[in-house]
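Every value quoted in this text rests on a predicted model; they were computed, and no experiment measured them.
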Amino acid sequence: METTIADLRWKEVISVADGTRFGYVEDMEVDMESGQVRCLVVPGRRRLFGLLGREDDRYIPWGTVRRFGEDIILVEGEPQLRALRRRR
């Protein structure tokens, strides 16, 4: 099965252990020197319809990805939380 980076945005990230839904992939980090994917980025949930900002983004290390499906990505373990980085 082949997929593109754009196709990842339509896939939901779900924990294998307990079925927790983390959200949909928004971005990914890539090591520019080696060309390897470091992690998938899932945006934080909005607080009070976005009026109070968002929670921290979730970073899913590439090593925890277990399987890609038609519309989901199964991962093991908990994602790392990082503060939202502002793009200029």
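- For the salt bridge (Lys or Arg N to Asp or Glu O under 4.0 Å) test, no residue two or more places apart in sequence or in another chain qualifies with Asp71.
- A distance-only check finds a donor-acceptor pair linking the side chain of Asp57 to the backbone of Gly44 [under 3.5 Å].
- With Val13 as reference, Val42 is the one residue of Val41, Val42, Thr64 to meet the side chain to side chain contact (heavy atoms under 4.5 Å, CB included) rule.
- Among all heavy-atom pairs drawn from Pro61 and Cys39, the shortest one is CA-CB, 3.8 Å.
- Side-chain contact between Val75 and Arg66 is absent, with no heavy-atom pair separated by less than 4.5 Å.
- Within 6.0 Å of CZ on Arg21 lie no more than 12 heavy atoms contributed by other residues, nucleotides or ligands.
- Every side-chain contact (heavy atoms from CB on, under 4.5 Å) that Ser15 has, sequence neighbours left out, goes to Ala17, Asp18, Thr20, Phe22.
- If you chain together ILVMFWY residues whose side-chain heavy atoms come under 4.5 Å of each other, Ile14 ends up grouped with Val16, Ile72, Leu74.
- In the hydrophobic clustering of ILVMFWY residues, with side-chain heavy atoms under 4.5 Å counting as a link, Met28 and Trp10 come out apart.
- Residues satisfying the side-chain contact (heavy atoms from CB on, under 4.5 Å) test with Trp62, not counting sequence neighbours, are Val37, Leu40, Val65, Phe68.
- Without hydrogens or angle criteria, Lys11 side chain to Val25 main chain gives no donor-acceptor distance under 3.5 Å.
- Distance check: Ile73 CD1 to Ile60 CD1 gives 8.0 Å after rounding to the nearest 0.5 Å.
- Counting side-chain heavy-atom gaps under 4.5 Å among Ile, Leu, Val, Met, Phe, Trp and Tyr, Tyr24 is found in no cluster with other residues.
- Applying the side-chain hydrogen bond (donor to acceptor under 3.5 Å, both in side chains) definition to pairs two or more places apart or across chains, those involving residues 33-44 are Asp31-Ser34.
- Taking the side-chain contact (heavy atoms from CB on, under 4.5 Å) definition, one finds that Arg9 meets it with Glu26, sequence neighbours left out.
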